[in-house]
Each structure stands twice: as C-alpha cells, then as structure tokens.
Amino acid sequence: MNENHKIESTSWDPSLELKILDKWREDNVYGFSIIGQNSIPFVIDTPPPYPSGRPWHIGAAAHYAQIDMIARAARMKDYCVFFPIGIDRNGLPVEIYTEKKYKIQMRKTDREKFLDLCKQALDDLESEMIQIMKDMGISGNFDEYYRTDSTEFRSLTQSTFINLWRRDLIYIANRPNNYCYDCGTTLADAEITYQEIPTKLIYMKFNIKETGTIIVASTRPELLFACQAIIVNSEDNRYTELIGKHVILPIFDREVEILAHRTANPDFGSGAVMVCSYGDQNDVQLFRELGLEEIVSLTELGTTTELAKPYANLRISQARSRIIEDLKKDQRIEREENIMHRTPICERSRTPIEILSMQDYYLKQMSYIPKLKKLASKIKFHPEIHRQILNSWLDSVSIDWPISRRRFYGTEIPIWFCNICKTPNLPEAGQYYRPWKEKPPFENCSKCGSKEFTGEDRIFDTWMDSSITPLFITRYLRDQKLYDYLYPTNLRPQAKDIIRTWLYYSMLRCFQQTDQLPWSEAWIMGYGVDEKGEKMSKSKGNVIDPFPIIHRYGADAFRFWSATEGNLGQDFRCSEQRIAISKNFLSKLWNLARFVSSFKIIYDLPRHLDDSDKWILGELSKLVKECELGYNDYNFFIPANAIRDFTWNLFASHYLEMVKWRVYENEHKYGHESAISTINKCLSTILLLLSPICPFITEEIWTKMYSDKSIHLQKMPKSGTEYQDLTKYTKPILEFNSMVWTKKKGTISPETGKPLSLKDPIQIAVPTTLISFAPDLRKMHNLNS
RNA sequence: GGAUGGGUGGUCCAGCUUGGUUAAGAUACCUGUCUCACACACAGGUGAUCGAGAGUUCAAAUCUCUCCCCAUCCA
C-alpha cells in the first residue's frame with residue numbers, strides 16, 4: 001500500500017498522461033516474450049495503418065484505441081498477448097502524395113529518386129501516426145514495429161510469390177484493364193473516380209441485313225471497328241422484333257448480331273447500344289458475359305491498332321473525327337446530341353482512362369472459393385452481422401486476381417525474362433529482389449541457357465503484401481519456434497470497408513501457404529463518420545484531425561468517448577463536443593477516488609458487513625458480470641456504459657451518501673470498517689474493470705492508492721454471485737431517496753424562505769421493506785422520525 | 001441499377017434475436033442548490049403517437065408485408 005496515498009487535486013489532469021507513458025516505457029509493462037512462457041498466446045493481427053497524408057483519420061485513431069482495449073483486456077485474462085504494430089507503406093496513395101508534395105510526375109522522374117522521395121514522405125507521415133498511437137496509450141510492441149516496405153517484409157511477399165509460381169498458381173494473361181495514358185499505367189478500379197464531362201452522343205443509322213435500319217447511339221463512334229454486338233432491352237417494344245437479327249457495320253462492312261440485354265437502357269440515346277472492345281467497363285462485362293471475341297482496338301500509345309484499317313495508327317480523337325466525317329458523307333449520321341457523360345478519369349492525372357487489353361500476372365483464386373466458404377463459416381465474427389459482407393463477396397468473386405501493377409512504390413515481382421527465349425526465370429526464395437535494377441542471382445536461362453536477361457519492372461498489388469501480415473508477424477519461414485507458438489493467430493481486427501480486400505485476401509493467401517485460416521476470430525469495426533453521418537474524406541473536407549483533440553482532452557477522455565459512442569461494428573459519429581463531455585466522467589471518478597483516498601485504505605473485506613454494504617457489493621458483482629460479457633465479445637460499449645452507470649448513478653449518488661456517516665465516524669468500529677473496506681472494494685474493482693478502456697487515470701489512482709505496481713499487471717475481477725439477492729432493494733432504495741429529496745425540495749424552510757437543503761432535517765419514516773438500511777438512510781437524509 | 005446497415009425525446013444512442021409493467025441512458029434545455037469528494041457537481045423537471053401505412057396478436061419499438069428517407073459498398 002502506498003504511504004502517501006491521498007489525492008490532492010480536484011480534477012483529473014490529462015497532462016499526467018505523459019508522465020505515465022514514460023513510466024510504462026521504463027518498466028516495460030507491456031513487453032512480450034516467448035521465453036519461459038507457458039501460457040496461452042493471444043495474437044492480434046493488428047492492421048498496419050497507411051500513412052497516406054495529413055491529417056490522420058480520427059475514426060482510425062478510435063479504431064486503434066479499441067484494439068488496444070482488446071489487448072489490455074486479454075492481458076488481464078492471463079493470456080500471453082502479442083500485439084504487434086506495423087505501418088503499411090506500399091502502394092499508390094504515397095505516390096500521389098509524393099507527386100503533389102514535390103510537384104513531380106512519377107513517370108518523368110528517375111525511379112530510384114522517386115522511391116527515395118516516397119520514403120521521405122512516408123517517414124514524416126509515419127512518425128506522426130506512431131506518435132498519436134503512443135500518445136493514445138496503445139500498448140503494442142512499438143520497439144520493433146514493422147514496415148511493409150522493409151526488406152524483410154518484401155522478401156516474404158516475394159518468397160510466397162515464388163512458392164505460388166512453382167505450384168502453378170500464377171499465370172500471365174491478357175485481360176482488359178483500366179489504363180491511363182498520362183501515367184502510362186494500368187489502374188485498379190479503386191484508383192478511378194468519375195466526372196461529368198460534356199461529350200457528343202452520335203446517332204448512327206445502320207442497315208439491318210434481314211431488312212430495314214436501326215438507329216444506334218454512341219459516344220465512341222471511333223470504336224465502330226471493334227463492335228461485336230448491338231444490344232437492346234428485351235422490354236423495349238421498339239426493338240423486340242429485331243432481336244436475333246443482324247446489323248451491317250458501315251465502312252467496315254461486317255455483320256454483328258442484335259442481342260437482348262438488361263443493361264440496355266431504353267431511355268438513353270436510341271435504346272440500342274453498340275458493344276465494342278472496349279468503350280467502358282460495361283463493355284468488358286458484356287464481352288465476358290456474352291462470350292464475344294475481343295477486337296484489340298487501341299495500343300498502349302493511345303492510338304488505334306492496325307485493325308482499324310483506314311483509321312489505323314491515329315490518336316483516338318483523330319480517329320473519331322475522321323470516322324464521323326466519313327459516316328456523314330455516307331448519310332449515316334442521323335443527328336448529334338450534346339450530353340454530360342459520366343466519364344471514368346484517373347485519380348492522379350484527372351484525364352479520362354481507356355480500357356486496354358494488357359498482359360498481367362494473375363493469382364488463381366477461383367478454385368479456392370468453395371474451400372474458403374467452408375472455412376469462413378468457422379470464423380467467429382464480432383459482430384456476427386458483418387459475416388455476410390464476406391459471404392456475399394465470396395459469392396461474387398468471378399475472376400482470378402490480377403496482381404501486377406505498372407508502378408514504382410511496391411514490392412517488385414521477382415522475375416527475370418530470358419532475352420532469347422523469353423522464358424521467365426525466378427530466383428530462390430528468401431531474399432529481396434529488385435529485377436529492374438539488379439542482375440539476376442543466376443547465370444543461365446533455365447530453358448535455353450542464355451546469359452542475357454531483362455528484369456521485370458512491374459510491382460505487386462499492395463494487397464499481395466498486406467494480405468500476409470498474419471504470416472509476417474508470426475515469423476513464418478523465419479523462426480519456426482515462434483511461428484508454431486503464434487500461428488494461427490487469434491484475432492483480425494479491422495474496418496468493415498476492407499472486408500472484400502484485406503480480410504478476404506488474407507484468408508486466401510494464408511490458406512494457400514499454410515492450409516489453414518490465419519485467425520479464428522474477426523472483429524469488425526464501423527467507421528467514424530462526421531456529425532451529419534457522412535463518411536469523412538479529404539475531398540469533402542470533413543476530416544477531423546485526432547492530434548489536437550487528443551491533446552486537448554487527453555487520451556483517456558478520447559478512449560472513453562470511443563467506447564461509449566456506439567455499439568460494436570456500427571458506424572459512429574465523431575464530434576469534438578461529445579469527446580469533451582466524456583471528460584466529465586473521468587473527473588467524477590477522480591473525485592470519487594479523492595474522497596476514498598482521504599481515509600484509511602482497507603483492501604480486504606472484514607467478516608462483518610452492514611446490509612447497505614452487502615447491497616452495493618451485490619450490485620458490484622452484477623457489474624463485474626456485465627463487463628465480463630462485454631469484454632468477451634470485444635464490445636466496449638457495454639462495460640463503459642455499465643461502469644459509468646454504476647459508478648455515477650448508484651455508487652456515488654446513493655451508496656456513498658448512505659454510508660458517509662459511517663465512513664467519518666469511527667466510534668462504531670464494525671460499521672466504520674465495513675463501510676471503508678466496501679468503498680475501497682468498489683473503487684478498486686471499478687478501476688480494474690475500467691483499466692482497459694481508460695489506462696491512464698486508472699493507473700494513476702491505482703498506483704497512488706493500492707499498489708506500487710501497475711494496474712495493467714493485475715487480473716480482471718472474476719464475477720461471483722455474492723449478495724445478488726440484495727439487488728432487489730436497489731429500486732426501492734433509489735425511489736425512497738428520490739422521494740425524500742423531492743419532499744425537501746418542495747418544503748420551504750421558515751428560516752431562509754428557500755427550499756430545504758439536503759442536510760436539513762425532515763420527518764419521514766423509512767418503509768418496512770427497507771428496514772435493514774434504516775440506520776444509513778436516516779443518517780443520509782437526517783430523518784428524525 | 002444491385003447489396004448491406006440505419007431511421008426511437010432538440011441532439012447522440014440502448015432496447016428488436018426470444019412481442020408483455022411507466023421506452024433506458026447520455027447530452028442539451030428549464031428550475032432550484034456551494035448539502036464536510038466533485039458547480040467538470042447535486043436535486044427536481046420539460047421533452048418520443050419508436051420513418052409511413054397495412055397485417056398477425058388479448059398485447060407490437062420488437063414479428064410479417066408494402067412504401068419513403070439517410071448512409072455505405074458494389075456496378
């Protein structure tokens with residue numbers, strides 16, 4: 001017990017948090033060690049945040065605060081908790097950020113130099129994020145935090161790729177892809193935005209082979225030569241007769257069939273649509289769905305291919321005006337209409353993208369879907385409702401995963417192509433390779449023996465890296481002993497918007513490597529939205545910076561807010577005002593402790609307990625039980641609210657007022673000791689229960705009053721059933737107290753002319769049901785019945 | 001266009017799985033109070049036909065159907 005246990009100040013000072021942080025670091029309170037460890041591991045596959053720009057997202061900060069609560073609660077349940085911290089540093093966002101920051105273009109910058117600039121940008125942003133996480137009291141393993149762009153991480157990504165290649169799970173194929181001419185790269189769908197751009201809709205008159213004509217409207221007449229079908233809606237009576245008939249393409253004199261398809265919108269243009277390879281994403285889908293044969297229409301240079309015959313090797317805009325000109329001469333243009341067209345544009349260059357057939361690497365995933373579905377049903381979801389996002393995604397995966405990107409900042413695809421026979425040659429797994437700048441680690445081509453190679457200059461989709469975090473953190477392929485102890489891990493905490501990507505890809509990749517799922521549980525958090533309930537985004541300008549907020553109100557206030565703000569898995573609104581309010585509870589708790597600390601501290605309960613004391617202990621064990629339920633489900637909304645409710649509305653407002661007299665008067669030895677020990681029991685239990693949510697204030701009070709050792713080395717209180725029967729008096733006690741207060745308020749004192757003060761005497765009889773609490777109730781209200 | 005989640009006092013949010021006393025809590029607001037931990041507090045109070053409509057039932061915030069609105073994801 002601490003000698004100088006009295007708390008002096010009248011309010012919780014958040015600046016104490018810094019001091020506490022220092023102490024935790026010095027004492028290494030949260031260290032993880034496998035040595036001599038015979039307890040059960042609890043491994044959290046922490047999401048490595050992506051430093052994509054400033055400010056960091058307040059919702060993300062709240063997210064990490066809650067993951068930390070999971071870790072802390074698990075430690076108190078005696079698990080050997082492994083809580084790694086990582087930073088995701090691969091991919092497009094940092095490239096965009098770097099281009100903007102240094103006003104350069106990736107393609108026009110030396111690759112090496114560009115990578116260095118990206119690294120610098122990442123370092124700055126990363127240190128800020130790490131600082132916020134530390135300031136929030138995150139108890140992860142910061143000493144050896146990992147980066148997904150480290151040599152160790154990237155070599156693991158490459159090792160798993162080499163493994164997949166050797167198992168014939170990788171292939172190279174031509175598939176239509178988004179392509180930006182300005183950036184010279186393929187783009188993932190996620191890197192595309194849409195903009196309304198004015199364009200001309202051309203109504204063309206085509207002859208029908210069987211008989212008659214049809215009007216087809218298109219914004220892309222230059223792709224006429226790549227047309228493979230005309231579609232109409234089967235419910236559009238103008239065309240029902242024509243379905244199955246054939247259109248003769250003018251100029252090119254080729255026949256294509258008129259087909260029915262639900263995507264043909266009768267209200268747009270003429271209702272008849274030209275399907276070309278490829279005018280837009282819809283065309284891609286139609287080609288696949290209708291089994292049409294692709295006509296390669298555009299080159300990587302942004303010109304038409306040879307197949308465009310008279311219009312070959314022209315820029316797209318040139319080809320368009322020439323074709324329109326010729327169609328006009330031929331009386332094929334019915335009319336032109338100016339419209340606003342929702343056009344896909346590149347997020348970086350803001351120029352329209354084209355869809356090109358490009359050669360890319362694919363990872364086979366289709367054959368794994370049935371097995372993954374089966375395994376997915378075994379994952380425990382918190383909350384259960386979010387399981388269906390994964391399930392519906394598993395149902396809708398329809399093509400293999402394109403894993404190559406024509407970009408710079410990412411893990412390189414470790415392949416060298418033979419200059420003579422073009423055979424791809426792969427190095428041995430275990431190293432980090434950069435084929436675009438390095439010589440291959442072998443002499444001869446495995447097929448023809450040639451010594452000349454060209455290194456692959458493409459990189460992986462970033463999800464190839466992030467999907468193996470469970471393998472990386474458990475030291476897969478690097479430390480068998482640790483890996484055996486830690487894998488499969490326990491929990492994947494993550495945001496719900498990346499279930500289709502991070503959660504799914506991790507399942508796939510880890511299963512391909514280990515034949516089992518990487519975790520047994522998934523904890524899915526909603527995202528922080530703004531005060532109007534809309535998602536925060538930089539373009540909307542509604543992003544809240546967590547840094548100043550955490551410093552203004554303190555980490556514990558922020559964490560308590562995050563726990564009370566919304567139920568498990570739901571989106572939650574972020575409002576500074578509400579964070580400010582949560583500080584009030586900390587203040588209440590602090591003053592409660594100040595009161596308790598002003599008396600002797602008796603930690604163990606005596607043999608004799610008064611009935612009021614038994615009653616509150618009964619309520620206390622109910623609270624312990626409820627917190628246990630919440631913590632077991634990683635749902636902090638439940639314990640945070642239950643603790644606040646018990647502490648404020650029961651313990652402080654009613655119980656404490658009832659027993660105050662016994663706490664002050666030590667003539668009644670038994671009653672005095674009973675009360676003192678009970679208030680200490682309640683306070684210490686509250687502190688323990690609250691410590692995963694508010695680690696700072698609980699630590700400060702705990703170490704001041706109860707122990708020299710950190711509260712975070714303590715065990716979680718176990719639930720029991722003591723004095724449960726007495727909780728039936730809770731409602732009558734509250735009602736009686738309220739009745740007395742109301743009566744005093746309604747009684748005007750003859751001396752002051754004001755309502756009676758709470759300490760003034762009044763004549764009210766304690767009801768017989770509450771007779772065992774009568775001494776306390778009489779003293780509390782100064783009843784002189 | 002498809003999918004998912006949500007619509008409960010001024011605001012935020014619990015309850016809905018398993019229908020049943022007066023719809024909980026926080027905050028805001030109003031009134032009063034410095035009552036030996038706390039005015040970042042205490043006491044009291046105002047305030048919700050639970051998105052709309054229909055149905056099932058002795059009984060619906062809760063179950064069923066239809067519709068409306070909001071958000072997110074996918075196209």
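Naming: A, B, ... by sequence-line order, numbering from 1 per chain.
Regarding Ile399(A), its CD1 atom lies at a distance of 14 Å from the C1' atom of A75(B), rounded to whole Å. When rounded to the nearest whole Å, the span between CG of Asp633(A) and C1' of U17(B) equals 14 Å. In this entry the distance linking CH2 of Trp393(A) with C1' of A75(B) reads 11 Å, nearest Å. Between Met525(A) atom CE and C73(B) atom C1' there is a gap of 18 Å when expressed in whole angstrom units. C73(B) atom C1' lies 8 Å from atom NZ of Lys535(A), rounded to whole Å. Per the geometry, NZ belonging to Lys754(A) stands 14 Å off C1' belonging to U31(B), to the nearest Å. C69(B) atom C1' lies 17 Å from atom NZ of Lys532(A), rounded to whole Å. The interatomic distance linking Ile499(A) (CD1) with A3(B) (P) rounds to 18 Å, in whole Å.
Spacing of C1' atoms, U8(B) relative to U62(B), comes out at 12 Å, to the nearest Å. A71(B) and G51(B) have their C1' atoms separated by 15 Å, given to the nearest Å. For the C1' atoms, the distance linking U11(B) with A75(B) amounts to 36 Å, nearest Å. With P as the reference atom, G20(B) and C63(B) are 11 Å apart, rounded to whole Å. Rounded to whole Å, the separation between the P atoms of U33(B) and A24(B) comes to 29 Å. Atom name C1', nucleotides G25(B) and G47(B): the rounded distance is 15 Å, in whole Å. The gap from the P atom of U57(B) to that of U64(B) amounts to 16 Å, rounded to the nearest Å. Between the P atoms of G15(B) and G32(B), the separation comes to 37 Å (whole Å).
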So what does the secondary structure string of RNA chain B come out as, 5' to 3', with Watson-Crick or wobble pairs under 3.5 angstrom, [ ] for crossing and | for pairs with another strand?
-> ((((((((.[[[..)....(....]]].(((((.......))))).....[[[[[..)....]]]]]))))))).

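The side chain of Gln577(A) has A28(B) as its nearest neighbour among A28(B), U33(B), A71(B). Checked against A75(B), C73(B), A28(B), the side chain of Arg500(A) finds its nearest nucleotide in C73(B). Here the nucleotide nearest the side chain of Glu534(A), chosen from A71(B), U33(B), A75(B), is A71(B).
Under the 3.5 Å distance criterion, with hydrogens and angles disregarded, a donor-acceptor pair is assigned to the side chains of Asp13(A) and Ser15(A). There is no side-chain donor-acceptor pair under 3.5 Å between Asn782(A) and Asp760(A).
Between Glu521(A) and Arg492(A) there is no salt bridge, since none of the side-chain N atoms of the basic residue sits less than 4.0 Å from a carboxylate O of the acidic one.
For the pair Ser757(A) and Asn641(A), nearest-nucleotide mapping onto RNA chain B gives the more 5' position to Asn641(A). Comparing Arg594(A) and Gly533(A) against RNA chain B, the residue whose closest nucleotide sits nearer the 5' end is Arg594(A).
The main-chain N or O of Phe696(A) is found under 3.5 Å from a side-chain atom of Asp556(A) such that the two form a donor-acceptor pair.
Taking the centre of each ring, Tyr631(A) and Phe636(A) come in below the 6.0 Å mark. Ring pair Trp741(A)/His654(A): centre-to-centre distance below 6.0 Å. Checked against the 6.0 Å centroid threshold, His382(A) and Tyr634(A) count as a close aromatic pair.
Side-chain contact between Ile581(A) and Phe560(A) is absent, with no heavy-atom pair separated by less than 4.5 Å.
Using the six-membered ring where Trp is involved, Phe736(A) and His781(A) have ring planes that are perpendicular, over 60° apart on the 30 and 60° scheme. Relative ring orientation between Tyr505(A) and Trp463(A) is described as tilted, the plane-to-plane angle lying within the 30° to 60° band.
At a threshold of 4.0 angstrom between heavy atoms, the contacts of Lys744(A) with the nucleic acid are absent. Residue-level contact check: Asn649(A) touches the backbone only, with heavy atoms under 4.0 Å from sugar-phosphate atoms and none from bases. Within 4.0 Å of Ile581(A), counting heavy atoms only, lie sugar-phosphate atoms of the nucleic acid but no base atom.
Taking the ring axis of Phe595(A) as reference, the NZ or CZ atom of Lys660(A) stays within 45° of it and closer than 6.0 Å to the ring centre.
Of the candidates Arg220(A), Glu294(A), Glu354(A), Glu294(A) is the only one forming a side chain to side chain donor-acceptor pair (under 3.5 Å) with Tyr278(A).
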If the sugar-phosphate is the primed atoms plus P, OP1 and OP2 and the base is the rest, what is the B/S/- string for nucleotides 5-15 of chain B, using protein heavy atoms under 4.0 Å?
-> S------BSSS

Tell me, for nucleotides 39-47 of chain B in 5' to 3' order, what letter each nucleotide earns: B for a base near a protein heavy atom under 4.0 Å, S for only sugar-phosphate near one, - for neither?
-> -BSSBS---

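In terms of heavy-atom proximity, Thr219(A) sits nearest to Leu201(A) at CG2-CD1, 3.7 Å.
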